[in-house]
Amino acid sequence: MRARHPLHRQVLPDGRSFLSVTRYRDACRVLGDHREFTSERGSLLQQLGHGDAAAGLMLVSTDPPRHTELRTPLNRVLSARAVRDLEPQVVRAVHRVLHPVLDRTEWDLAEQVAQLPMAVAGMLMGIPEQDWDQLTRWTAMAAAPEDPGLSVRHPAATLAIAHHGLFDYFAGQLRDDRCPRRDDLIGYLTSMLAGGRRLSTEEVIYNCYSLLLGANATTPHAAAGTVLALIEHPAQYAAAPGALPGLVEEGLRWTSPANSFLRHARHDVELSGGLVRRGEAVAVWVGSANRDAEVFPDPYRFDVARPDNRHIAFGFGPHYCLGAPLARMTLAVFFAELFRAFDRIEPDGPVTHLASNFIAGITHLPVRARPRTVSARERDG
Ligand code: HEM
């Protein structure tokens, strides 16, 4: 498609249709310009034809200028500078996830790492630990309602159950008497000013949902997919412990866990020699853009030393991932601790991929891993 159909129209059996862009340059153009392409009619393919009830309320479904008003105060608490102070807590979250497997040789890396972002977001948002498993499940259902391991009867029913569960959960958190005094991210959302006013309850709930979904639906798949890439590229595995920042970036490019995003044209737009008509939906395929040979030489080579890695795994333009600094830190800490705990990680059974056109993910990655001795772990710090 990149080579022959850079603007590809697809009509679904029920008559809905959308255009796909797969080239890096087109992906950046569509994601980067809200004057041409709006996020307010849904930013996920699963919303095609349904619109977005959260338009103007939830960050990811809102165009500037309101988007800027919402984003500016949130940036303050999630910027690279602000999250630097969170490192000890991220290390604790990684230890919590790795601790149960430290003395085991066979385990499922994807299952284990699925809990990681919730442990980070849970502590950031002040969510009690006993609720983490349920919230992890609901966010997974909301992101990939078609996956057989998550689906309850039907994707639409799965989505409804997940949304109801999550919205009701956050509404309950806000009703709690202690809410106005809490010094966590939920407390911050209730007290921050966006465009000179406080957020409505509905806005707080939507943005709690978006933050949790943003973290839970993506980070584990970047981690598991990167480990799988290392298993498949032994030379890169040997280089990885000494090249953590490069590993994180190449892992993000390679896995592109948030794989597609939707926009709608505000007016007729010429794109890649074709025409997008006003009102038409355009799906941006992030994983494809991140393999565009015009930008990434030898794009199907996994290379932790790849120079000038301008991947768009965190998006591009005004909606560039708000959680990117936290995700980068979480991944770097995870890989560092993984290498410290285990000598060698090898495959131990078939890999299961998530069934989703939104998230490119892995649900099962059975591994055999040789734990390093306590003295080797201590020696290496
Ligand atoms: C590897 C991990 C992650 C990946 C690959 C990822 C990817 C993305 C992408 C591609 C977007 C752009 C959406 C669009 O253009 O419509 C985005 C937005 C967003 N992400 Fe992430 N994300 C990750 C982790 C996180 C984390 C940890 C958080 C929360 C702390 C988070 C919260 C958000 C939010 C709130 C937005 C909306 C930003 C806006 O609309 O201005 N993400 N993410």
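In what follows, residues are counted from 1 in the order of the sequence shown. Computed over heavy atoms, backbone and side chain alike; hydrogens, waters and symmetry mates excluded. Just so you know, ligand 1 is whichever comes first in the structure, and atom 1 is the first atom listed for that ligand.
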- Task: Measure the distance from atom 23 (C) of ligand 1 to every protein heavy atom, then report the residue, atom name and distance (to 0.1 Å) of the closest one.
- Result: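 Minimum-distance protein heavy atom for atom 23 (C) of ligand 1 reads Thr218 OG1, 3.3 Å.
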- Message: Looking at Arg198 and Glu203, is any side-chain nitrogen of the basic one under 4.0 Å from a carboxylate oxygen of the acidic one?
- Response: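 Looking at Glu203 and Arg198, the cut-off is not met.
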- Message: Show the atoms of ligand 1 that are less than 4.0 angstrom away from any heavy atom in Gly315.
- Response: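 By the 4.0 Å cutoff, the relevant atoms are 10 (C).
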- Message: For atom 13 (C) of ligand 1, tell me which residue out of Phe316, Phe314, Phe261 has the closest non-hydrogen atom.
- Response: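 When every heavy atom of Phe316, Phe314, Phe261 is considered, Phe261 comes closest to atom 13 (C) of ligand 1.
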- Query: Of the choices Gly214, Pro318, Ala223, Ser43, which has the non-hydrogen atom that lies closest to atom 31 (C) of ligand 1?
  - Reply: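 Checking each option, the heavy atom nearest atom 31 (C) of ligand 1 is found in Gly214.
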- Item | Interfacing atoms of ligand 1 (cut-off 4.0 Å, heavy-atom, Ala327) |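 Reading through ligand 1 atom by atom, the close ones are 2 (C), 24 (C).
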- Task: Compute the ring centroids of Tyr209 and Phe167, then answer whether they are less than 6.0 Å apart.
- Result: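 Yes, the ring centres sit under 6.0 Å apart.
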- Would you call Glu280 and Arg9 a salt bridge, using N to O less than 4.0 angstrom?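 A salt bridge is present here (some side-chain N lies under 4.0 Å from a carboxylate O).
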- What protein heavy atom is closest to atom 29 (C) of ligand 1, reported as residue, atom name and distance in Å?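 Heavy-atom neighbour on the protein nearest atom 29 (C) of ligand 1: Leu211 O, 3.6 Å.
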- Query: Between Ala215 and ligand 1, which part of the residue brings a heavy atom under 4.0 Å of the ligand: side chain, backbone, both or neither?
  - Reply: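 The part of Ala215 near ligand 1 is both the backbone and the side chain.
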- Near His67, which atoms of ligand 1 are under 4.0 Å from a heavy atom of that residue?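 Counting atoms of ligand 1 from 1, those under 4.0 Å from His67 are 39 (C), 40 (O), 41 (O).
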- Going by the atom numbers of ligand 1, which of them fall below 4.0 Å from some non-hydrogen atom of Thr219?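 Under 4.0 Å from Thr219, ligand 1 has these atoms: 1 (C), 2 (C).
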- Nearest neighbour of atom 33 (C) of ligand 1 from the list Pro325, Cys321, Ala324, Gly42, on a heavy-atom basis: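 Result: the heavy atom closest to atom 33 (C) of ligand 1 is in Cys321.
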- Task: Just say parallel, tilted or perpendicular for the rings of His5 and His8, cut-offs at 30° and 60°.
- Result: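 Taking His8 first and then His5, their aromatic rings stand perpendicular (interplane angle over 60°).
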- Message: Which residue and atom name correspond to the protein heavy atom nearest atom 5 (C) of ligand 1, and how close is it?
- Response: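 Ranked first by proximity to atom 5 (C) of ligand 1 is Ala313 O, 3.5 Å.
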- Message: Only heavy atoms of Val60, strictly under 4.0 Å: list the atoms of ligand 1 that pass.
- Response: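 Atoms satisfying the 4.0 Å criterion: 16 (O), 37 (C), 40 (O).
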- Mark up the atoms of ligand 1 that fall under 4.0 Å of a heavy atom belonging to Leu59, in ascending order.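 Reading through ligand 1 atom by atom, the close ones are 38 (C), 39 (C), 40 (O), 41 (O).
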- Among all protein heavy atoms, pick out the one at the shortest distance from atom 36 (C) of ligand 1; state its residue, atom name and that distance to 0.1 Å.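 Looking only at protein heavy atoms, the one closest to atom 36 (C) of ligand 1 is Leu322 N, 4.1 Å.
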- Query: How far is atom 12 (C) of ligand 1 from its nearest protein heavy atom, and which residue and atom name does that atom have?
  - Reply: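 Ranked first by proximity to atom 12 (C) of ligand 1 is His319 O, 3.3 Å.
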- For the side-chain contact (heavy atoms from CB on, under 4.5 Å) test, which of Val284, Leu45, Val30, Val282 pairs with Leu262?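 Between Leu262 and the candidates, side-chain contact (heavy atoms from CB on, under 4.5 Å) is satisfied uniquely by Leu45.
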- Message: Under 4.0 Å between a side-chain nitrogen and a carboxylate oxygen: does that hold for Arg277 and Asp268?
- Response: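 Asp268 and Arg277: not salt-bridged.
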- Nearest candidate to atom 28 (C) of ligand 1, where distance is taken over non-hydrogen atoms, out of Ser210, Gly323, Pro64: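 Shortest heavy-atom distance from atom 28 (C) of ligand 1: Gly323.
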- Task: Could you name each residue pair satisfying ring-ring contact (aromatic ring centres under 6.0 Å, His included) that touches residues 248-292, not counting sequence neighbours?
- Result: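 Sorted result for residues 248-292: His233-Trp254, Trp254-Phe302, Phe261-Phe358.
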- Item | Check ion pair Arg263-Glu36 (N to O, under 4.0 angstrom) |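 No salt bridge links Arg263 with Glu36.
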- Query: Looking only at heavy atoms, is any part of Leu252 under 4.0 Å from ligand 1, and if so is it the side chain, the backbone, or both, or is it neither?
  - Reply: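 The part of Leu252 near ligand 1 is the side chain, not the backbone.
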- Measure from the side-chain N and O atoms of Thr136 to the backbone N and O of Trp132, and report whether any donor-acceptor pair falls under 3.5 Å.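 Side chain of Thr136 to backbone of Trp132: a pair is present.
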- Run the ring-centre check on His34 versus His319 and record whether the distance is less than 6.0 Å.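 No - the distance between ring centres of His34 and His319 does not fall below the 6.0 Å cut-off.
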- Task: Considering only NZ, NE, NH1 and NH2 on the basic side and carboxylate oxygens on the acidic side, decide whether Glu129 and Arg96 come within less than 4.0 Å.
- Result: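 Yes, this pair counts.
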- In plain terms, say whether Arg306 and Asp298 are close enough for a salt bridge, that is, a side-chain N and a carboxylate O under 4.0 Å apart.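 No.
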- Would you mind running through ligand 1 and noting each atom that sits below 4.0 Å from a heavy atom of Arg71?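 The atoms of ligand 1 under 4.0 Å from a heavy atom of Arg71 are 38 (C), 39 (C), 41 (O).
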- Message: With a heavy-atom distance limit of 4.0 Å, tell me whether Arg263 approaches ligand 1 through its side chain, its backbone, both, or neither.
- Response: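 Side chain only; the backbone of Arg263 stays clear of ligand 1.
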